[in-house]
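Reading through the structure tokens given below for one structure.
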Amino acid sequence: MRGHALHSQVDMHRAYGGVVPELASRDHIRRLLPLTDFALKQAEVRLQEVDAIAYTRGPGLAGALLVGAGVASALGMALGKPLIGVHHLEGHLLSPLLSKQAPSFPFLALLVSGGHTMLLDVQAFGQYTLLGETVDDAAGEAFDKSAKLLGLGYPGGPELARLAAFGNALAFELPRPKMHSPDLDFSFAGLKTAVLTKVRGLGSNLCEQSRADLAAAAQEAITDVLVHKTLRAQQATKRLSVVVAGGVGANRQLREKLSSALSVRGVQLFFPELEWCTDNGAMIALAGALRLQAHPGAARAAGPFDVLPRWDLTQIDVK
Ligand code: KG4
Ligand code: ZN
């Protein structure tokens with residue numbers, strides 16, 4: 001990694017309690033070129049020297065994707081450089097390779113972000129087998145929605161984790177949906193409903209301590225399910241390296257529980273540093289660079305472009 005720049009929109013979204021798509025894409029327009037300049041300066045590379053331009057082709061909000069694809073395409077045309085459209089989740093999946101302590105293929109990946117919860121067997125670059133995924137809400141959504149019910153701000157995950165540190169997880173009993181089902185799928189919608197029921201039940205008795213207790217119980221339930229299913233997937237695949245990627249990977253309790261559960265089995269656990277866990281451009285550039293290396297023909301001449309707001313990770317065209 002030669003250079004990297006990031007502008008977080010979290011402060012802007014916090015004011016509205018969530019992502020406002022139009023504001024997100026307008027802000028992307030403002031930030032993209034100055035950030036590109038910054039990263040190039042840091043890398044001591046001139047724009048003319050890059051081999052190709054990688055951008056996020058999907059999935060995600062169409063407006064935000066169009067900004068990235070449009071700028072990449074314009075740069076590609078002006079410079080005569082080819083483009084590589086990257087899948088957002090492939091970026092997350094490979095982000096641990098940016099880490100100082102990087103895993104090698106093959107590995108088992110738990111991908112936990114605001115929109116996705118998946119277990120994938122990663123045999124090699126570009127070879128991903130989906131083992132299981134959420135049938136309703138994502139783990140990040142479970143954190144965010146529970147946080148909202150507890151009156152916490154955006155983004156809910158880290159706020160809920162902070163409050164949970166003062167609570168007793170045993171004070172409330174919450175369900176662990178699908179935890180004991182034999183498949184590797186997840187379900188978190190019922191958990192949010194259970195938190196809602198507890199909040200309603202307490203009514204005006206929802207004091208500071210019971211909010212912290214509920215936060216702790218919710219975090220415990222979410223991480224229990226994630227750890228349990230990851231262990232089951234490890235048993236099924238016998239992979240000796242497990243990687244956790246995506247924003248929820250920043251959760252400390254998840255990290256601690258997983259590392260103690262896996263270390264007794266002699267399995268190595270890899271977490272990207274926090275800056276690579278949440279959305280970043282370096283992971284997209286890395287996925288693009290690896291694709292270019294493996295399939296030089298994957299880069300396309302700049303020209304008319306499209307974005308794929310809905311795009312299945314197992315459907316990526318690797319060549
Ligand atoms: O991967 P990400 O940055 O964005 C995408 O969804 O692609 O993930 C964001 C999600 C949000 O749901 C956020 O609440 C959650 O990651 N998150 C956390 C923590 N940090 C971020 N959830 C639990 N504990 C955290 N420390
Ligand atoms: Zn993401």
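Since the model is a prediction, treat every value here as computed from it, not as a measurement. Just so you know, ligand 1 is whichever comes first in the structure, and atom 1 is the first atom listed for that ligand.
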Below 2.8 Å, which protein N, O or S atoms neighbour the Zn ion (ligand 2), ignoring water? H88 NE2, H92 NE2, D279 OD1

Looking only at protein heavy atoms, which one is nearest to atom 19 (C) of ligand 1, and how far off is it? P158 CD, 3.6 Å

Which of the listed options, G156, G114, S95, holds the heavy atom that is closest to atom 5 (C) of ligand 1? G114

Mutual orientation of the aromatic rings belonging to Y128 and F125 [parallel < 30°, tilted 30-60°, perpendicular > 60°]: perpendicular

List every atom of ligand 1 that sits less than 4.0 Å from any heavy atom of G140, numbering the atoms from 1 in the order shown and giving each element. 12 (O)

Closer than 4.0 angstrom, basic N to acidic O: yes or no for D144 and K148? no

Check this for me: does any side-chain nitrogen of one of R239 and D121 sit under 4.0 Å from a carboxylate oxygen of the other? yes

Given 3.5 Å as the limit, does a donor-acceptor pair link the side chain of S8 with the main chain of V10, or not? yes

Charged N to carboxylate O below 4.0 Å: is that the case for R291 and E90? yes

Could you tell me whether a side-chain N or O of R255 sits under 3.5 Å from a main-chain N or O of G249, the two making a donor and an acceptor? yes

Ligand 1 contact on H92 by region, counting heavy-atom pairs under 4.0 Å: side chain

Pair H92-H116, ring pair (Phe, Tyr, Trp, His ring centres under 6.0 Å): steps then yes or no: CA-CA 11 Å; H92 274 304; H116 295 85; 8.8 Å; no

Considering only the protein, which heavy-atom contact is closest to atom 17 (N) of ligand 1, and what is its distance? G247 O, 3.6 Å

Which atoms of ligand 1 are found less than 4.0 Å from any heavy atom of T278? 3 (O)

With a 4.0 Å cut-off on N to O distance, would you call E220 and K257 a salt bridge? yes

heavy-atom search around atom 13 (C) of ligand 1 in the protein gives D144 OD1, 3.8 Å

Nitrogen or oxygen atoms of G246 and ligand 1 under 3.5 Å apart: no

Taking atom types as modelled, is there a side-chain donor on Q219 or N251 under 3.5 Å from an acceptor on the other? yes

Measure the distance from atom 24 (N) of ligand 1 to every protein heavy atom, then report the residue, atom name and distance (to 0.1 Å) of the closest one. N251 ND2, 3.0 Å

For G115, the ligand 1 atoms whose distance to one of its heavy atoms is below 4.0 Å: 6 (O)

Does M283 form a side-chain contact (heavy atoms from CB on, under 4.5 Å) with L98? I'd like the steps, not just the answer. CA-CA 7 Å; M283 69 186 191; L98 291 166; 4.2 Å; yes

Are the charged groups of K178 and D185 less than 4.0 angstrom apart, N to O? no

Would you please classify the geometry between the H87 ring and the W311 ring as parallel, tilted or perpendicular, with 30° and 60° separating the classes? tilted

Identity and separation of the nearest protein heavy atom to atom 22 (N) of ligand 1: G157 CA, 3.4 Å

Please check whether H88 reaches ligand 1 - meaning an N/O of the residue sits under 3.5 Å from an N/O of the ligand, judged on distance alone. yes

